[in-house]
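Indexing begins at 1, ligand by ligand and atom by atom, following the structure's order.
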Amino acid sequence: MLEKIKETAHFIHQVIQEQPDFAIVLGSGLGALKNEVQPLQVMDYKDIPNFPQTTVVGHGGQLIYGLLEGKKVLLMSGRFHYYEGHSMETVTFPFRVFKLLGIQNLILSNASGGVNKNFKVGDVMLIKDHINLMPEHPLRGKNIDELGPRFVDMSEPYHKKMLAIAEEYAIQAGIPYHVGVYLALQGPTFETPAEYGMVKAMGADAVGMSTVPEVIVAKHQGMDCFGISVITDLGGPDISYAVSHDEVLQAANKAMPHVIRIVKGLVKNYSN
Ligand code: HPA
């Protein structure tokens, strides 16, 4: 695996010739963020050696290198989900490559179902912590010591300083937001009312099908993570209305201006 990661990183490095400051992952329905980036290089996943291919509508399939607020960013438009049938190794492969490219800061966005009674559809939640209920762990198996340690500290999964800067910016700019815990399930079914109830009882505020494996692999390699969720539907033991992928995409689109502003504010104001 290490050889493949090196080969892919080498290819991307040859194309972009620079070390990006941030990698940014665009979640379901959040693709419009790419219009904010001044593109310098665009790579289709299919043209990148060893890169996996996406299968979901609403997820593109491009790595875009460019400038956002004057910072060098590598945008991942289209991520890989476990429910697509990919192994965890495949789901997290790009993040292994990002580390080899020298990227320290990761910004992850996603669409999620809200279980906190204060949340509304279209709200934005900054992720302060997560609960991993994916059925397979991305670090299971022989550890590759060159990449990170066997046992990984997870006391600060989401970087406190990035979160503080995003919050400070959102307050100043008058952008409403919540801070909460994201719980990851494999999907692809949305949750039953009882399952949303379980998510809530476990101490989470939102539930989704991504992000957590990516953060785990990033932390394995000592990277710093910031996560932002758009609440695209609401669930709970007493709520039973149908959720569709179209509604998820629509709600994510609606919240897009807030997500864009917060991500831009963070990129502009944060440096390590
Ligand atoms: N559950 C899981 N994943 C999701 C949801 C949800 O309610 N909404 C968007 N992604």
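Counting non-hydrogen atoms of other residues, nucleotides and ligands closer than 6.0 Å to CZ of Arg140 gives a total of 12 or fewer.
Distances shorter than 4.0 angstrom occur between a heavy atom of Ser112 and an atom of ligand 1. In this structure, Val243 does not count as a contact residue of ligand 1, since none of its heavy atoms falls inside 4.0 Å of the ligand.
Val267 is connected to Ile165 through a chain of hydrophobic side-chain contacts under 4.5 Å among Ile, Leu, Val, Met, Phe, Trp and Tyr, so both are in one cluster.
Shown in contact with Thr232 at under 4.0 Å from a heavy atom are these atoms of ligand 1, numbered in order with element: 8 (N), 9 (C). Of all atoms in ligand 1, listed by their number and element, those nearer than 4.0 Å to a heavy atom of Gly113 are 5 (C), 6 (C), 7 (O), 8 (N). Under a 4.0 Å criterion applied to the non-hydrogen atoms of Met209, ligand 1 contributes the atoms 2 (C), 3 (N). Counting atoms of ligand 1 from 1 in the listed order, those under 4.0 Å from a heavy atom of Ala111 are 9 (C), 10 (N).
Under 3.5 Å, the side chains of Asp238 and Tyr196 contain no donor-acceptor pair of N or O atoms.
Considering each of Gln186, Glu191, Glu195, the one bringing a non-hydrogen atom nearest atom 1 (N) of ligand 1 is Glu191.
In this structure, Phe80 and Phe51 have perpendicular ring planes: the angle between them is above 60°, well past the 30° mark. Taking the six-membered ring where the residue is Trp, His81 and Tyr83 present parallel rings, their angle staying beneath 30° rather than reaching 60°.
The closest protein non-hydrogen atom to atom 8 (N) of ligand 1 is Asp233 OD1, 2.7 Å.
A distance-only check finds a donor-acceptor pair linking the side chain of Gln104 to the backbone of Gly222 [under 3.5 Å].
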